[in-house]
Visitor: 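Just passing along the structure, written as structure tokens.
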Amino acid sequence: MSQYDENDAFEAAAIPLSQRAVAARPARYMDDLNPEQRRAVEAMDGPVLMLAGAGTGKTKALTARIVHLMRMGRARPNEILAVTFTNKAAREMKERVGRLLGEVVEGMPWMGTFHSLSVKILRRHAELVGLKSNFTILDTDDQIRLLKQLIVAANIDEKRWPARMLAGMIDGWKNRALTPERVPSGEAAGYNNRGTELYAQYQERLRTLNATDFGDLLLHCVTIFQTHGDVLAQYQRWFRYILVDEYQDTNVCQYLWLRLLAQGHRNICCVGDDDQSIYGWRGAEVGNILRFEKDFPGAVVIKLEQNYRSTPHILAAASGVISANAGRLGKTLWTEAQAGEKVRLIGHWDGEEEARWIGEEIEALQRGTRGMGTYGLEDQAILVRASHQMRAFEDRFLTIGLPYRVIGGPRFYERQEIRDAMAYFRLAVSPEDDLAFERVVNLPKRGLGDKAQADIQRTARMAGVSLHEGARELVASGGIGGKGAGQLRAFVEGIDRWHALTLGAARVVGGEDDALVEEIGAAPKPMDHVRLAEVILEESGYTAMWQNDKTPEAPGRLENLKELVKALEQFDNLQGFLEHVSLIMENESEEALEKVSIMTLHAAKGLEFPVVFLPGWEDGLFPSQRSMDESGLKGLEEERRLAYVGITRAEEVCTISFASNRRVYGQWQSQLPSRFIDELPAAHVEVLTPPGLYGGGFGAAAVSYGSTSFDDRVGKADVYNSPGWRRMQDRAATRPVAQPREARGIVIDATAVSAFAEGDRVFHQKFGYGIVIGIEGDKLEVDFSKAGVKRVVAGFVVDADQADDLPF
DNA sequence: AAGGCGATGTTTTTT
DNA sequence: ACATCGCCTT
């Protein structure tokens with residue numbers, strides 16, 4: 001039922017091997033593998049690196065390999081360690097293995113994410129790192145709150161040295177498997193040179209709270225492996241074969257984790273694609289995959305290069321872009337598929353027009369009026385670099401009524417109301433959970449402000465007890481005045497009551513926990529945990545808080561709370577629920593209705609769509625300026641891999657676009673087409689002419705729109721240097737005060753629009769008439785009669801006299 | 001204690 | 001532009 005069911009892996013081993021050994025019957029799972037895939041499946045022993053390009057059937061090979069290992073009697077299901085990064089990937093792999101086996105074999109208990117597997121291991125050996133086996137896993141909120149307290153306590157200006165940043169540093173250290181004492185002295189700059197000290201304090205606090213953060217799950221395991229040879233040896237013996245998916249995304253800590261476990265037999269198979277490493281910013285080390293053969297001498301390296309997903313043009317475009325990266329392991333994707341459409345490239349005046357055009361294009365493809373076939377909405381996706389780009393599309397699609405769904409929005413369990421409710425549940429399960437107490441003590445408002453909360457903290461600290469007990473004492477001693485007193489008393493008693501009810505609930509389940517069984521005698525009537533959850537939310541006033549809330553999102557939040565309670569049904573008790581939620585952030589209720597998908601490039605990894613739109617290919621946005629500033633060439637190369645990932649998501653139609661103007665942080669900015677566009681091989685690209693732009697003016701200037709296709713003789717360098725391209729870039733770079741513009745299909749000639757002066761009466765399509773009151777570069781400050789004072793790009797307004805002649 | 005206002009910092013995201 | 005956050009006012 002649960003993901004890491006304690007249907008214990010080790011005990012499962014007690015079943016004799018003979019019962020499992022399956023007679024060698026025709027190996028169905030091998031039938032439709034290509035020679036390379038087959039090689040990856042059959043190279044069972046020793047280190048194997050499977051370099052699997054996009055769409056080359058890597059999961060197929062990986063799952064077949066697992067089945068093969070079992071069929072050949074090399075390992076029982078519970079002796080195979082298969083690691084993924086996401087729960088989704090783990091789930092899919094389980095399903096596929098199950099399907100290949102064609103029979104219900106008891107699950108593979110050691111197939112899961114790095115984190116879930118680490119939890120499983122850590123619970124068995126928690127005491128080795130000073131934890132109890134029922135430790136809790138903090139979410140980011142709790143982590144930040146805890147750090148903030150430490151920073152304030154250390155008398156460090158929290159504004160100059162924010163807790164978020166420290167959290168990031170600590171995370172980075174943990175990703176590199178650095179415990180506080182191992183952090184290089186040079187790296188603790190900031191926080192008054194007390195960064196590592198704070199890190200150490202934080203670890204101490206976690207231990208006191210019997211808690212870990214996400215990074216700890218892995219790091220503690222590594223620590224245990226490194227310091228307890230006997231424990232490590234046990235697991236090395238246990239996991240006879242190790243498989244790792246998305247190896248290019250592993251960080252140092254994960255690498256150590258794997259290497260320690262694989263040290264003995266070296267039966268480790270890593271699957272990945274260095275060209276799809278896009279998580280360097282969160283600690284992933286491409287170096288891990290580049291170094292594999294050195295780390296594991298004698299490794300068999302198998303390249304999967306036959307692509308089953310995309311057309312040749314799409315593959316060629318992707319290959320062209322990625323070839324600009326240095327230090328690749330190098331693969332050349334090929335396909336037997338027919339040519340199909342070239343990658344389409346189109347420029348737009350601004351982001352809104354881009355969204356409008358894509359919306360129309362999607363509808364046209366849906367109707368099949370593009371002469372390129374018919375594609376349902378669920379076959380089409382828009383992949384953006386940064387999530388704020390999604391807005392333009394959402395706005396546009398809402399106005400034209402085009403159904404869409406955003407993938408990877410805030411996850412269910414990350415929503416405020418869900419976290420609040422969870423904090424209540426946590427308090428009910430363990431009243432001493434101080435972080436949960438802090439979160440909801442004044443939520444809903446109980447008249448307990450900063451002062452009251454500080455008093456509770458002080459009382460608790462002096463007595464060396466939890467906040468819950470501290471609050472009880474404070475109430476008893478009358479140390480808290482007036483209105484808050486009664487409410488705090490009610491809160492404290494509420495926690496007591498709910499806690500008692502959870503204990504009661506344990507008996508219903510059968511009381512596997514001895515400690516709980518002993519206490520049950522004192523507990524009141526047992527209560528079903530789903531009902532209990534409702535009671536808690538009701539009695540605490542939390543539900544009422546949202547019912548009384550008049551904001552438009554309140555109903556949705558209540559809906560989510562209902563959903564949360566419903567989700568509880570699938571668990572045995574509140575404890576069990578909380579145990580698992582921290583690691584499993586399921587994206588549920590994604591109806592597979594006919595909808596266009598909108599998501600970031602990161603979220604798109606591993607997915608594929610017949611039709612893909614890649615908007616916003618503009619320097620600074622994509623590649624992201626920040627990425628380049630922070631990580632230089634490395635950053636640029638990662639951005640380029642992102643471009644590669646984007647293009648290779650497309651099966652049949654891939655459309656790249658950019659806009660000349662875009663609002664960035666509220667300010668209009670001229671944009672240059674992405675340098676990645678220059679890297680697209682001309683022979684595989686078709687340049688489209690945007691509608692409403694014809695002849696002369698903007699049309700000719702921008703990207704040689706006049707021609708319908710790059711001349712095949714023109715190499716990419718020439719494209720970049722082509723007159724039209726050049727002119728457009730010059731234009732963008734010099735940013736003339738007045739640019740020609742397109743208004744409702746009417747092209748206004750640039751020469752007719754002279755530069756503006758203060759006092760000019762102008763017209764703006766959205767804001768109406770106004771007077772120019774200031775000029776700064778190509779931006780005008782205009783006092784609009786209806787919209788008030790706005791800053792607009794000069795190209796967006798016309799002389800009011802001229803506007804009068806326009807047929808609006 | 002709670003609501004309102006100006007300074008601030010804006011990627012990508014899993015567990 | 002826009003949301004978040006800390007501070008300041010009531």
Visitor: Need to verify one output field. Residue with the more 5' nearest nucleotide on DNA chain B, T86(A) or R385(A)?
Guide: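 The residue mapped nearer the 5' terminus is R385(A).
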
Visitor: Side chain of T113(A), heavy atoms from C-beta onward: which of dT15(B), dT11(B), dA1(B) has the nearest atom to it?
Guide: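 Within the option list, the nearest is dT15(B).
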
Visitor: For DNA chain B, whose closest nucleotide is more 5', that of E639(A) or that of L448(A)?
Guide: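 Looking at DNA chain B, the more 5' nearest nucleotide goes with L448(A).
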
Visitor: Should R391(A) be listed as having a side-chain N or O under 4.0 Å from OP1 or OP2 of dC2(C)?
Guide: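 So the side-chain polar atoms of R391(A) do come within 4.0 Å of the phosphate oxygens OP1 or OP2 of dC2(C), strictly under.
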
Visitor: Among the candidates dA2(B), dT12(B), dA1(B), find the nucleotide nearest to the side-chain atoms of K445(A).
Guide: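 Out of dA2(B), dT12(B), dA1(B), the nucleotide with an atom closest to K445(A)'s side chain is dA2(B).
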
Visitor: So, does K148(A) get its side chain near the phosphate of dC5(C), meaning an N or O under 4.0 Å from OP1 or OP2?
Guide: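 Looking at the OP1 and OP2 atoms of dC5(C), neither is under 4.0 Å from any side-chain N or O of K148(A).
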
Visitor: What is the distance, rounded to the nearest whole Å, between atom CZ of R446(A) and atom P of dA1(B)?
Guide: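 Whole-Å distance recorded here is 14 Å.
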
Visitor: Can you tell me the distance, in whole Å, between the CD1 atom of I278(A) and the C1' atom of dT14(B)?
Guide: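 Taking CD1 of I278(A) and C1' of dT14(B), I get 12 Å after rounding.
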
Visitor: Atom CH2 of W281(A) to atom P of dT13(B): distance rounded to whole Å?
Guide: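 Taking atom P of dT13(B) as the reference, CH2 of W281(A) is at 6 Å.
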
Visitor: For S657(A) and W617(A), does a side-chain donor sit closer than 3.5 Å to a side-chain acceptor?
Guide: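 No, W617(A) and S657(A) have no side-chain donor paired with an acceptor closer than 3.5 Å.
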
Visitor: For F85(A) and dT14(B), are the ring centres under 5.5 Å apart with planes inclined under 30°?
Guide: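 So F85(A) does not count as stacking on the base.
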
Visitor: Rounded to the nearest angstrom, tell me the gap between atom CG in D249(A) and atom C1' in dT12(B).
Guide: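 That distance rounds to 12 Å.
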
Visitor: Kindly indicate whether a cation-pi arrangement holds for R123(A) with F135(A), taking the cut-offs as under 6.0 Å to the six-membered ring centre and within 45° of the axis.
Guide: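 So R123(A) does make the cation-pi contact.
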
Visitor: How many whole angstroms separate atom CG of D245(A) from atom P of dT14(B)?
Guide: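 Checked: the CG to P distance equals 16 Å.
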
Visitor: dT15(B), OP1 or OP2 - any side-chain N/O from N87(A) closer than 4.0 Å?
Guide: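 Yes, such a contact exists.
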
Visitor: Can you check the K174(A) NZ to dT14(B) P distance for me, whole Å?
Guide: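 Taking NZ of K174(A) and P of dT14(B), I get 20 Å after rounding.
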
Visitor: Output yes when at least one side-chain N/O atom of N442(A) is less than 4.0 Å from OP1 or OP2 of dA2(B), else no.
Guide: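 Yes, because at least one side-chain N or O of N442(A) sits under 4.0 Å from OP1 or OP2 of dA2(B).
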
Visitor: Do D273(A) and Y644(A) make a side-chain contact, defined as non-hydrogen atoms from C-beta onward lying under 4.5 Å apart?
Guide: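 Counting from C-beta outward, D273(A) and Y644(A) do come under 4.5 Å.
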
Visitor: Just the rounded figure in Å: distance from C1' of dT11(B) to CD of Q389(A).
Guide: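 Q389(A) atom CD is separated from dT11(B) atom C1' by 10 Å.
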
Visitor: Roughly, in whole Å, what's the span from NZ in K159(A) to P in dG9(B)?
Guide: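 Whole-Å distance recorded here is 10 Å.
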
Visitor: Does OP1 or OP2 of dT11(B) have a side-chain N or O of S387(A) closer than 4.0 Å?
Guide: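 No, no such contact exists.
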
Visitor: Do we see a donor-acceptor contact under 3.5 Å between the side chains of D245(A) and T84(A)?
Guide: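 Checked: D245(A)/T84(A) side chains show no N/O donor-acceptor pair below 3.5 Å.
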
Visitor: Measure the acute angle between the ring planes of W546(A) and Y542(A), then classify it against the limits of 30° and 60° as parallel, tilted or perpendicular.
Guide: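 The arrangement is perpendicular - the two ring planes meet at more than 60°.
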
